[in-house]
Amino acid sequence: MFLSELRGDARWLASGFMLMLSSGFGQTYFIAIFAGVLKADLGMSDGAFGSIYTGGTLASAALLMWAGKFADEVPIRWLGAGVITGLALTALAMSGVGSMWLLLPIIFGLRFFGQGMLTHVAMTAMARWFNRKRGRAISIAALGIPAGDAVLPIIAVSVMAAIGWRMTWAAAAMVLLFAALPLFLLLLKREREPASAEPPEPDAPAQTPRHEWTRGEVLRSPLFYALLPGFLSSPFILTAIFFNQVELSTIKGWELAWIAASFPVMSLSNVLTTLVTGYLVDRFGARRLLPVYLVPMGLGAFALAFLQEAWVWPLFMASAGITMGLTSTVHGAVWAELYGTLHLGAVRALGTAAAVFATALSPGLSGVLLDAGIGFEAQLFAMAAYCGAAFLWMCLLIRPLDRQAAA
């Protein structure tokens with residue numbers, strides 16, 4: 001079994017899983033559960049809530065570009081603990097929010113500590129702590145995301161029905177402070193020392209250490225910008241589709257319950273794909289898989305654009321799960337392959353922040369297009385076409401990426 005080599009690394013893998021799972025309290029799928037009650041209690045329109053959400057998310061992405069470097073400078077144990085505490089305090093603040101103006105910094109905190117820093121710290125740690133087993137380690141830690149997708153919304157809805165939405169956020173803060181934080185500190189009593197990437201050959205000459213790229217050098221590298229059209233496609237497109245679920249159900253004539261019932265399909269395909277991708281990354285390299293993750297999403301968007309049958313939605317959800325599983329592992333590993341691990345936190349934060357920007361801009365752009373008379377099915381076709389173009393572009397980049405990884 002390709003996971004058997006990781007049995008002795010359970011504590012480090014579990015700490016990464018814990019960070020990824022805890023990030024769920026700052027992810028869109030969790031916050032969106034409370035959108036209706038927030039708008040009702042705070043007297044906000046749909047546009048006001050959307051603007052606050054976009055503004056908070058954009059601000060979190062901007063700060064992440066700077067704060068990501070702390071993953072290089074602060075021990076992961078204490079940085080992770082600090083970020084969990086920050087998310088817990090923000091969740092507690094959400095339980096007492098009394099105006100839309102106070103909601104803006106709270107959304108910022110949830111997005112920064114949750115979606116941003118927790119996932120960034122977890123993936124940076126896995127990529128730095130593991131070399132030969134990097135892909136599999138990242139894939140196991142990344143399972144915290146679909147685990148959160150599967151359980152947190154159901155729990156939140158049930159708790160909210162029992163004790164109200166404000167106490168639900170207070171309960172989330174208590175879970176983070178008194179369950180997630182102590183468990184994380186217990187698991188991560190010390191950081192892992194990575195093994196060498198390849199065992200040395202007898203009598204082989206010493207290899208020259210690879211160049212460790214700084215954030216400034218990466219920003220001056222044309223290859224970094226060449227990667228962005230492919231890197232940003234998944235967060236942008238999937239956010240647009242999930243954000244417009246109600247619009248999609250209306251034009252297709254599907255029940256909202258049918259759309260909600262298909263989310264476990266996405267979680268299952270995400271989990272299975274994540275595990276397989278970890279092995280493929282260790283076998284072939286993350287950069288070789290960069291074109292592949294765009295294909296399922298593109299085919300799914302194409303099917304949504306032209307087919308009306310209800311079975312198309314779970315088919316799309318399965319394809320979305322495949323893309324998400326590929327993306328989480330490939331993106332988690334490729335930065336270390338291309339630019340080294342010494343400054344990995346600062347370098348990886350660039351890609352993470354760009355992805356967060358994409359998730360913030362996507363709903364707004366889609367809404368503007370709808371207001372301009374460009375229907376969502378036409379947008380889906382454009383998304384599918386973009387995936388095809390990005391696939392060809394990423395294929396052309398394989399050779400330059402191989403040269404970069406060998407530098």
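Please read these numbers as outputs of a predicted model, since none were measured by experiment.
- Phe17 is linked by a side-chain contact (heavy atoms from CB on, under 4.5 Å) to Leu21, Leu143, Ala147, counting only residues two or more places apart in sequence or in another chain.
- Counting only distance, with no hydrogens or angles, the side chain of Trp12 and the backbone of Arg190 share a donor-acceptor pair below 3.5 Å.
- Side-chain atoms of Thr239 do not come within 3.5 Å of backbone N or O of Phe236 as any donor-acceptor pair.
- The aromatic rings of Trp335 and Phe231 lie perpendicular to each other, with more than 60° between the two planes, well past the 30° mark.
- From Met94, atom CE reaches atom CZ of Phe34 across 8.0 Å, with rounding to the nearest 0.5 Å.
- In this structure, OG1 in Thr168 is found 9.5 Å from CD1 in Ile33, a value given to the nearest 0.5 Å.
- Other residues, nucleotides and ligands contribute only 12 or fewer heavy atoms inside 6.0 Å of the CE atom of Met167.
- Note on ring orientation: taking the six-membered ring where Trp is involved, the planes of Trp213 and His211 are perpendicular (angle over 60°, cut-offs 30° and 60°).
- If you run side chain to side chain contact (heavy atoms under 4.5 Å, CB included) between Thr273 and each of Thr323, Leu280, Leu326, only Leu326 comes through.
- Within the structure, ring pair (Phe, Tyr, Trp, His ring centres under 6.0 Å) pairs that include any residue of residues 39-65 do not occur (at least two apart or interchain).
- Atom CZ of Arg348 sits about 13.5 Å away from atom OG1 of Thr341, to the nearest 0.5 Å.
- Side chain of Arg111 to main chain of Gly56: no donor-acceptor pair is present (N/O by atom type, distance under 3.5 Å, no hydrogens or angles).
- Remark: side-chain polar atoms of Tyr293 are not paired, donor with acceptor, to backbone N or O of Ile322 under 3.5 angstrom.
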Practice prompt. Go through the steps for Trp169 and Phe30 under the test ring-ring contact (aromatic ring centres under 6.0 Å, His included), then give the verdict.
Written response: CA-CA 11 Å; Trp169 277 105; Phe30 187 83; 5.3 Å; yes
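- Remark: side-chain polar atoms of Ser99 are paired, donor with acceptor, to backbone N or O of Leu102 under 3.5 angstrom.
- Judged as a ring pair (Phe, Tyr, Trp, His ring centres under 6.0 Å), and not counting sequence neighbours, Phe113 has no contacts.
- More than 12 heavy-atom neighbours from other residues, nucleotides or ligands sit within 6.0 angstrom of OH on Tyr386.
- Between Met394 atom CE and Leu294 atom CG the span is 6.5 Å, to the nearest 0.5 Å.
- Using a distance-only test at 3.5 Å, with no hydrogens or angles considered, a donor-acceptor pair links the side chain of Glu337 to the main chain of Ala286.
- When atom types are taken as modelled, the side chain of Arg287 and the backbone of Val334 share no donor-acceptor pair closer than 3.5 angstrom.
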Discussion item. Run Thr277 and Ile138 through side chain to side chain contact (heavy atoms under 4.5 Å, CB included) and show every step you take.
Written reply: CA-CA 10 Å; Thr277 305; Ile138 288 173; over 6 Å; no
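- Residues Asp41 and Trp165 bring a donor and an acceptor atom of their side chains to less than 3.5 Å of each other.
- A donor-acceptor pair is defined here as one N or O able to donate and one able to accept, closer than 3.5 Å; such a pair exists between the side chain of Lys252 and the backbone of Leu307.
- Between the Thr274 side chain and the Asn270 main chain, a donor and an acceptor come within less than 3.5 Å of each other.
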